[in-house]
Amino acid sequence: MTANKRFIATMPKIGIRPTIDGRRKGVRESLEEKTLNMAKTVASFLSEQLRYNNGEKVQTVIADTCIGGVAEAAQAKAKFDQENVGVTITVTPCWCYGSETMDMDPQRPNAIWGFNGTERPGAVYLAAVLAAHNQKGIPAFGIYGHEVQDIADDSIPSDVQEKLLSFARSGLVVAMLKDKSYLSIGSVSMGIAGSMVNEDFFQDYLGMRNEYVDMTELTRRINEEIYDKEEFEQAYAWVKENCSIGSDINSAENQRTAEQKNEDLKMNIKMMIITRDLMEGNPKLSELGYEEEAMGHHAIASGFQGQRQWTDHFPNGDFMEAMLNSSFDWNGIRAPYIVATENDSLNAVTMLFGHLLTNTAQVFADVRTYWSPDAVKRVTEHQLEGKAENGIIHLINSGSAALDGTGEQELDGKPAMKPFWNITEEETEKCLQATKWRPANTEYFRGGGFSSNFKTKGDMPVTIARLNLVKGLGPVLQVAEGYTVELPGEVHEILNNRTDPTWPTTWFVPNLTGEGAFRDVYSVMNNWGANHCSMSYGHIGADLITLASMLRIPVNMHNVDEEKTFRPSAWNMFGTKDSESADYRACQTYGPLYR
């Protein structure tokens, strides 16, 4: 397992704000111990439960004193600013002075846990301070436990734990994105709107900047050998030993020679090394005399245009994208990078959301085809059953999907995708063995290259998501929780051969609700907003909804139970009967987080 420091500055921390009734000579003194215990308990709980995407435990910072008034609130803010706190949680067992003790930072997500007890009115403070947040236009999340606790009870109820984790996970994503870059390598691919990078969206909604290099930067670095040649030799040997080359579907006259394919493979490895260096930099380049190139672009994600100006002449980027998106390479098991094929910046952002929420690799895919039970029966004579009985959606792209998507990792004996620190060497070997690197279809990719080819194992709980931009409306997010399914071998082959069989396939079924876009599988496909999606392991729709509300991005379709959704208290003021409509109005009213 390998870990390295990819970003400038420290990782964002969670600030814990213990607020208290400021009245001295008896009241405050009687509450100090209980209030500080709440803060310490929350801090310990979060640091034990959460990790950053680099594998380190999430760090928490507690204010130096309980906060009984505006002076102590300012002292806490000063400490948090110095400690790079990216998200705050206010805790209290008692009444406090709302507007004097509240967190007034409009760009730092804040939640308040008001202790549900009868001895002191912590829940009354919660209601009062949330009203102050709403009146001042600084949305905050309210956490109110379902059951009454005794004042001496220092435990965190399970429902409170769930909300603390959801808020903290989502808030840390907001903090992780801020001040990072999205790096476009190339420009617009084949007229795909997602690769028309919208700087206003990145700046206003995510607090990010945009960086650009032309694809010729790859050829320059390859030709001038601006990469670590020792690493290349190591990588080439590893690839030859661990990556299986699959069969070539091209006609004899369109096949590249064995020598050309080997050169394609070498170039693909160099493309991967160089793209990583472009994103995060590489001190090795300074030793070679390339100090500017050694700095990188501080990119938390990137996209490679590829088609067609590159792929009509050079080997495609599938190997580079798939291996960077995976949780391992010749340097060992490590955190995945986020690289979007076709420079689809909106899918890159969706991949970032899923990755930073789960710390797992993401599967980039086309939402290619809806297969009804009747259509499958007509073509294959097979009757879909089980989870697939209502139809299936074919997720497939030209080979940029992370190899973690094979499902060859295990959790409790079932197929899974895991954070890199839980992945074993044996599991990486299984992922590699389940993948064939098929020579690229030269009708699509005239310059050759290789596409990763695998079939995802079934019965994995997954969530597909997609961020879209709509003129006059702005960004919207769509979310579909569901499962991967496995088809009988013959059935898979028949269906898969109707598209490009050299690409990785995931058969997906969404959880149906019987209503709206989730009344049937066809409606999910029919309402999807773009040709791409990002697939993340686990049912993470609730966290995506929480994250979207922090960023002021409405969710236009989802199949998450309403009881599991967690948004700022202010959203309830926009209506409680139709939460989707209220979400739109709240996001429109508050506007982008960083504008």
Side-chain angles (χ1 to χ4, degrees), residues 14-24 26-50 58 60-63 65-69 72-73 76 87-103 109-134 140-171 542-543 546 561-572 576:
I14 301 174
I16 311 296
R17 308 176 70 256
T19 56
I20 198 167
D21 190 325
R23 286 172 285 199
R24 300 280 184 175
V27 176
R28 174 165 179 160
E29 290 81 356
S30 68
L31 294 164
E32 288 276 2
E33 182 178 359
K34 172 64 180 179
T35 306
L36 283 174
N37 281 344
M38 281 187 72
K40 292 174 182 177
T41 302
V42 169
S44 176
F45 170 71
L46 293 175
S47 63
E48 285 299 319
Q49 293 292 319
L50 299 177
V58 164
T60 58
V61 179
I62 301 175
T65 67
C66 289
I67 300 168
E72 287 166 319
V87 55
T88 63
I89 298 175
T90 299
V91 300
T92 189
C94 62
W95 168 255
C96 317
Y97 299 165
S99 63
E100 295 183 20
T101 60
M102 64 187 285
D103 186 342
N110 177 244
I112 302 105
W113 174 27
F115 186 80
N116 184 6
T118 54
E119 293 88 348
R120 299 283 185 171
V124 177
Y125 168 72
L126 175 62
V129 77
L130 288 174
H133 274 277
N134 296 345
F141 290 76
I143 301 175
Y144 177 52
H146 190 274
E147 302 296 337
V148 173
Q149 289 181 263
D150 298 332
I151 193 68
D153 184 356
D154 288 329
S155 68
I156 306 176
S158 58
D159 61 325
V160 173
Q161 288 183 13
E162 188 175 331
K163 288 186 175 180
L164 285 170
L165 289 173
S166 180
F167 171 80
R169 280 192 296 260
S170 301
D543 281 352
T546 297
D561 290 341
E562 285 299 325
E563 295 77 19
K564 294 182 179 179
T565 60
F566 187 34
R567 293 183 170 110
S569 167
W571 266 237
N572 296 327
T576 56

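One is the number of the first residue; the rest follow in order along the sequence. All values below were derived from every heavy atom in this structure, side-chain atoms included, with hydrogens, water molecules and symmetry-related copies excluded.
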Any donor and acceptor pair, going by atom type alone, linking the side chain of [X] with main-chain N or O of [Y] inside 3.5 Å?
X: N110; Y: T88; answer: yes
X: T92; Y: T19; answer: yes
X: D561; Y: E563; answer: no

So do [Y] and [X] actually touch side chain to side chain, heavy atoms under 4.5 Å?
X: S569; Y: N134; value: yes
X: M38; Y: P93; value: yes
X: V160; Y: Y144; value: no
X: I112; Y: H133; value: yes
X: C66; Y: R28; value: yes

At what distance, to the nearest 0.5 angstrom, does [atom1] of [X] lie from [atom2] of [Y]?
X: I89; Y: I16; atom1: CD1; atom2: CD1; answer: 4.5 Å
X: T41; Y: W113; atom1: OG1; atom2: CH2; answer: 7.0 Å
X: W571; Y: F566; atom1: CH2; atom2: CZ; answer: 12.0 Å
X: I20; Y: K34; atom1: CD1; atom2: NZ; answer: 12.0 Å
X: I143; Y: F115; atom1: CD1; atom2: CZ; answer: 14.0 Å
X: E72; Y: T65; atom1: CD; atom2: OG1; answer: 4.0 Å

Tell me the closest heavy-atom pair linking [X] and [Y], and the distance in Å.
X: A73; Y: T101; answer: CB-O, 4.4 Å
X: G117; Y: V148; answer: CA-CG1, 4.3 Å
X: L130; Y: G142; answer: CD1-CA, 3.7 Å
X: F167; Y: A111; answer: CZ-N, 3.3 Å

Go through F45 and L165 one step at a time and tell me if the side-chain contact (heavy atoms from CB on, under 4.5 Å) criterion holds. CA-CA 9 Å; F45 170 71; L165 289 173; 3.8 Å; yes
Identified side chain to side chain contact (heavy atoms under 4.5 Å, CB included) partner of K40 from the options V91, I62, T60: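 That would be I62.
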Worked verdict on S155 versus Q149 for side-chain contact (heavy atoms from CB on, under 4.5 Å): CA-CA 9 Å; S155 68; Q149 289 181 263; 3.7 Å; yes
Give the C-alpha distance, both sets of side-chain angles, the deciding distance and a yes or no for side-chain contact (heavy atoms from CB on, under 4.5 Å) between E147 and N116. CA-CA 7 Å; E147 302 296 337; N116 184 6; 5.6 Å; no
Tell me whether E32 at atom CD has more than 12 heavy atoms from other residues, nucleotides or ligands lying less than 6.0 Å away. yes
Heavy-atom neighbours of E100 CD exceed 12 at 6.0 Å: yes
For S170 and D543, does a side-chain donor sit closer than 3.5 Å to a side-chain acceptor?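 No, no side-chain donor-acceptor pair sits under 3.5 Å.
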Assess the side chains of R120 and T35: does a donor N or O sit below 3.5 Å from an acceptor N or O?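 Result is no, nothing qualifies.
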Under the side-chain contact (heavy atoms from CB on, under 4.5 Å) criterion, do T90 and Y125 qualify, and how do the steps go? CA-CA 11 Å; T90 299; Y125 168 72; 4.1 Å; yes
